[in-house]
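Let me begin by presenting the structure, written as structure tokens, before commenting on it.
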Amino acid sequence: MKTVTFTIDGKIVRADKGQTILKAAEAAGIYIPRLCACKDLVPHGSCRVCSVRVNGRIQASCVQTAAEGAIVESETDELREYRRNIIDMLFVEGNHFCMFCEKSGFCELQALAYRFGITAPKYRLLYPKRDIDLSHPEVYLDHNRCILCGRCVRASQDLDRKNVFQFVERGCRKRLQVNGEALSDTDLRAADQAVSACPVGALMRKRVGYAVPVGRRPYDEVPIGRDIEKKGEE
Amino acid sequence: MAAKPRIATVSLAGCFGCHMSLLDLDERILKLAELVEFDRSPINDYKDFRARCAVGVVEGGCCTEENVHVLERFRKQCDLLVSIGECAISGGIPAMRNNIPLRECLEEAYLKSPGVYNPGGVIPNDPEIPLLLHRLYPCHEVVKIDLFIPGCPPPADAIWDALVSLLAGRPAAPAYDRLKYD
Ligand code: SF4
Ligand code: SF4
């Protein structure tokens, strides 16, 4: 296989031809924060948390392929600020009550906010009115926590071959819709990849929450992305 | 010896959990008492300020008109104001009413909910009762806040670290494992 060589923040990185910058960085032990990107799913480039500068231009590293000689910047003050602002906006435009959320400690949005050291919202909290769909016997969908990452949409289509979820409307009215009157009308099952793909507490299995004590959850002690960075240190 | 810096604390629309976490400092509370002089606080039950304070610690957001007045008074009386806990910072549980009209909340609480006995159908409206705001406001949307200690409640260690560094004049970012939203 042909390879290309490029740099990320001055570090030389080799990638297979056609590999994305995000994947190549990961293989080299460099963590680029991301939310809508997820292992086994076709990248989507929608959350923009993985933005980097490629030869001076801002690109989503989950969809941008690595090119020979490219100069990629990732950990700059500017990009850190952009990423942080996106995380901040995702918090204020939903209703995130982490204190009783079953995803707390496992949540990728919360973990990113911890990693960025966010102690308070930078923008005004919007407190939108959103619904919760409890109709399904095994799974619930809490739109208050949905960040519209599309991971369930892609997982349901590409991995489960079911097509349970779709986005409807645009801009600030964009929302996740299920393929039926309610979740119980769909053929969604708790074991579906769509359910485990959700990075936040929006799409959740019922009756399994709070099983791991505080202090022993994945992001209690270890920041998100540390596993990737560790590979780089070995 | 120079006078000790004064510290004031208050719980607005909170549950006193953050104050409990402050007590959770265990024997370090004695050290804290060596470092600072407690002014207005539920800990000593002083109802008003005795002097200007170096630090004001605010738990809970603003849910009533009285909360706003107290918060404004804290801002005037304290050099540095610290928002402590999720309710002060992002509204917390009391903010769950923020997307429900106030009238609906009151009708649910006093007229409609199961078990309510209210034959006159009166929603309490005595001038003695603090007037509810139409929604809850996090503290930093009402006055300027200098430091935030998140958590529900924040771990005692997070409070300790923040207060000690603040009193030493070098406010520090919280350690990773002490930054919590739950
Ligand atoms: S989904 Fe994540 S950020 Fe939102 S309330 Fe749950 S734990 Fe917090
Ligand atoms: S339900 Fe979860 S996976 Fe689906 S779009 Fe919302 S946040 Fe993403």
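Quick note on labels: first sequence line is chain A, next is B, and so on, each numbered from 1. Only a predicted model underlies this, so the values are computations on that prediction, with no experimental measurement involved.
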Checklist outcome for this item: When every non-hydrogen atom of B:G92 is compared with those of A:M99, the smallest separation belongs to CA-CE, 3.8 Å
Checklist entry - What are the two closest non-hydrogen atoms of A:A113 and B:L179, and how far apart are they? => result O-CD2, 4.4 Å
Checklist entry - What part of A:I118 lies closer than 4.5 angstrom to a heavy atom of chain B: side chain, backbone, both or neither? => result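 Both the backbone and the side chain of A:I118 come within 4.5 Å of chain B.
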Checklist entry - For A:V222, is it the side chain, the backbone, both or neither that has a heavy atom under 4.5 Å from a heavy atom of chain B? => result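 For A:V222, backbone heavy atoms alone lie under 4.5 Å from chain B.
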Checklist entry - What residue, out of A:P223, A:C101, A:P128, A:A120, has the most heavy-atom pairs lying under 4.5 Å from chain B? => result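 Looking at each of A:P223, A:C101, A:P128, A:A120 in turn, A:P223 comes out on top.
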I'd like to know whether [atom1] of [X] has more than 12 heavy-atom contacts from other residues, nucleotides or ligands below 6.0 angstrom.
X: A:E169; atom1: CD; answer: yes
X: A:R53; atom1: CZ; answer: yes
X: B:I129; atom1: CD1; answer: yes

Next on the checklist: I'd like to verify something: which residue of B:I145, B:I100, B:I93, B:L147 has the highest number of heavy-atom pairs under 4.5 Å with chain A?
Outcome noted: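 Answer, by heavy-atom pair count under 4.5 Å with chain A: B:I93.
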Item to check | B:A173 versus chain A, the contacting section by heavy-atom distance below 4.5 Å | outcome: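 Interface part for B:A173: neither.
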Can you pull out all donor-acceptor pairs below 3.5 Å that join chain A and chain B?
| from | atom 1 | to | atom 2 | distance (Å) |
| --- | --- | --- | --- | --- |
| A:S104 | OG | B:D182 | OD2 | 2.5 |
| A:Y114 | OH | B:Y181 | N | 2.8 |
| A:I118 | O | B:Y181 | OH | 2.7 |
| A:L125 | N | B:E141 | OE2 | 3.3 |
| A:Y127 | OH | B:S90 | O | 3.0 |
| A:P128 | O | B:N99 | ND2 | 2.7 |
| A:R217 | NH1 | B:D182 | OD2 | 2.8 |
| A:R217 | NH2 | B:D182 | OD2 | 3.0 |
| A:Y219 | O | B:Y176 | OH | 2.8 |
| A:D220 | O | B:K180 | NZ | 3.2 |

